[in-house]
Structure formats: structure tokens, C-alpha cells
Amino acid sequence: MARLELRTGSAEATREVGWALAGSLRRGDAVILTGELGAGKTTLVQGVARGLDIDDPVVSPTFTLVREYEGRLPVAHVDVYRLERVQDVVDLGLQELGTGDDVLLVEWGDVIEELLPADRLRIELTVADETDDRRIVVSATGWSWADRWGGLERALTPWSPGA
Ligand code: ADP
Ligand code: MG
């Protein structure tokens, strides 16, 4: 499993990380975002949307669960924060999202991780301390990421600690 550790010092920097990541995304990709409330998951998705030329404002889908956007690629932004059991996800039919053309961006994906495609990107955000710093760990599983990993790593270098 490929793994990469980043750090940002502002919400805008986290959006830039999303923007840089968007260049590596393909149709049908699944991206899982984990981290406590306020860690910056939605903020990062806003950057991905910017990178995919999505003009609509991206807001938290917490009360709708799923929002879809059209950009360079179609995007489905899902927040399963309020769902506690895998069965809730199945009941809502959300697992079918992972089989389509949409780039699937799932906040709080732990709960549905087992329902998602084996090929996926996982992004873990943590509040580093009392400041605005965020630690962002990106990891990939599956063949479809093997040939993209080097490019992704280069694109994200500016946010590597020590860069
Ligand atoms: P989540 O979706 O994980 O609950 P949000 O992205 O909605 O989190 O909120 C993150 C909040 O933290 C926003 O108010 C954002 O402005 C703020 N923030 C401060 N520093 C950062 C940072 N480095 N990265 C992301 N968000 C940050
Ligand atoms: Mg959110």
C-alpha cells in the first residue's frame, strides 16, 4: 500500500491539496475521507471540485447524504457521518454509487469502506494541535493507483513536511 503524509496550515492550503489531487482522478474512482468533525474533509472536497472545474459551491451534504456535481468528471459527494451501521448504507442504496461513473468522495467512509471498490484512495485528516495545521495522510490500494501514484506524489510534494 502506497502512503504519503502531508501537512497544511490553512483551509485554503487544504483546498489546494484537493485541487492537486483532482489531476490524478479518473471516472469511477472512490475516495474515502476520514477525520473528526471540523478536520477539513469538506474543505478538501471543495478543492477537488475546483480541480474538476465544478462551478457549483460544494457544501456539506450532511443533511442530504449525497450531492452530485457535473464537472470535467461527474462527482458524487457523500457524507455518511450520521450513519452508524453498514445496513443503513445498504438500505439507502448508497453502495450502488460505487459502481458507476461518478468520482465518489465519501466523508466518514469507515462505515461503508467494506462496500466500496477495492481500488480506492483513503485520506485521513487530523487536527495537528491547537493551530490551523492539519495532518493529511493519503494512502492508495489497488492496481488502478499503481501507475498513478508517482504522479500523485509529485503533485502533492509542496505539502510534504520539509518541502
Ligand atoms: P469536516 O468536513 O471534516 O467536518 P470542514 O471542512 O467542514 O470539516 O471544516 C473544517 C473547518 O476548519 C473549516 O471551518 C475550515 O475553515 C477550518 N480550517 C482551519 N484550518 C484548516 C486546514 N488546515 N485545513 C482544513 N480546514 C481548516
Ligand atoms: Mg464535512
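When a ligand or atom number is given, it counts from 1 through the structure's own listing order.
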Using the Mg ion (ligand 2) as the apex, give the angle to atoms OG1 (T42) and OE1 (E107), rounded to 10 degrees.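 Result: 90°, to 10°.
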Charged N to carboxylate O under 4.0 angstrom, D101 versus R26?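 Salt bridge absent between D101 and R26.
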For the side chain of R148 and the backbone of A146, is there at least one donor-acceptor N/O pair under 3.5 Å apart? no
Quick check on side-chain hydrogen bond (donor to acceptor under 3.5 Å, both in side chains): which of E68, E107, Q46, R67 does H77 satisfy it with? E107
Stepwise, does the side chain to side chain donor-acceptor pair (under 3.5 Å) test hold for T8 with T14? CA-CA 6 Å; T8 62; T14 295; 2.7 Å; yes
Is the closest side-chain heavy-atom distance between W159 and I136 below 4.5 Å? no
For ligand 1, what are the residues with a heavy-atom contact below 4.0 Å?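 Contacts of ligand 1 under 4.0 Å: T8, G9, S10, A11, T14, E36, L37, G38, A39, G40, K41, T42, T43, E107, D132, R134.
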Check salt bridge (charged side-chain N to carboxylate O under 4.0 Å, His left out) between D133 and all other residues, then give those that pass, not counting sequence neighbours.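 Applying salt bridge (charged side-chain N to carboxylate O under 4.0 Å, His left out) to D133 gives R7.
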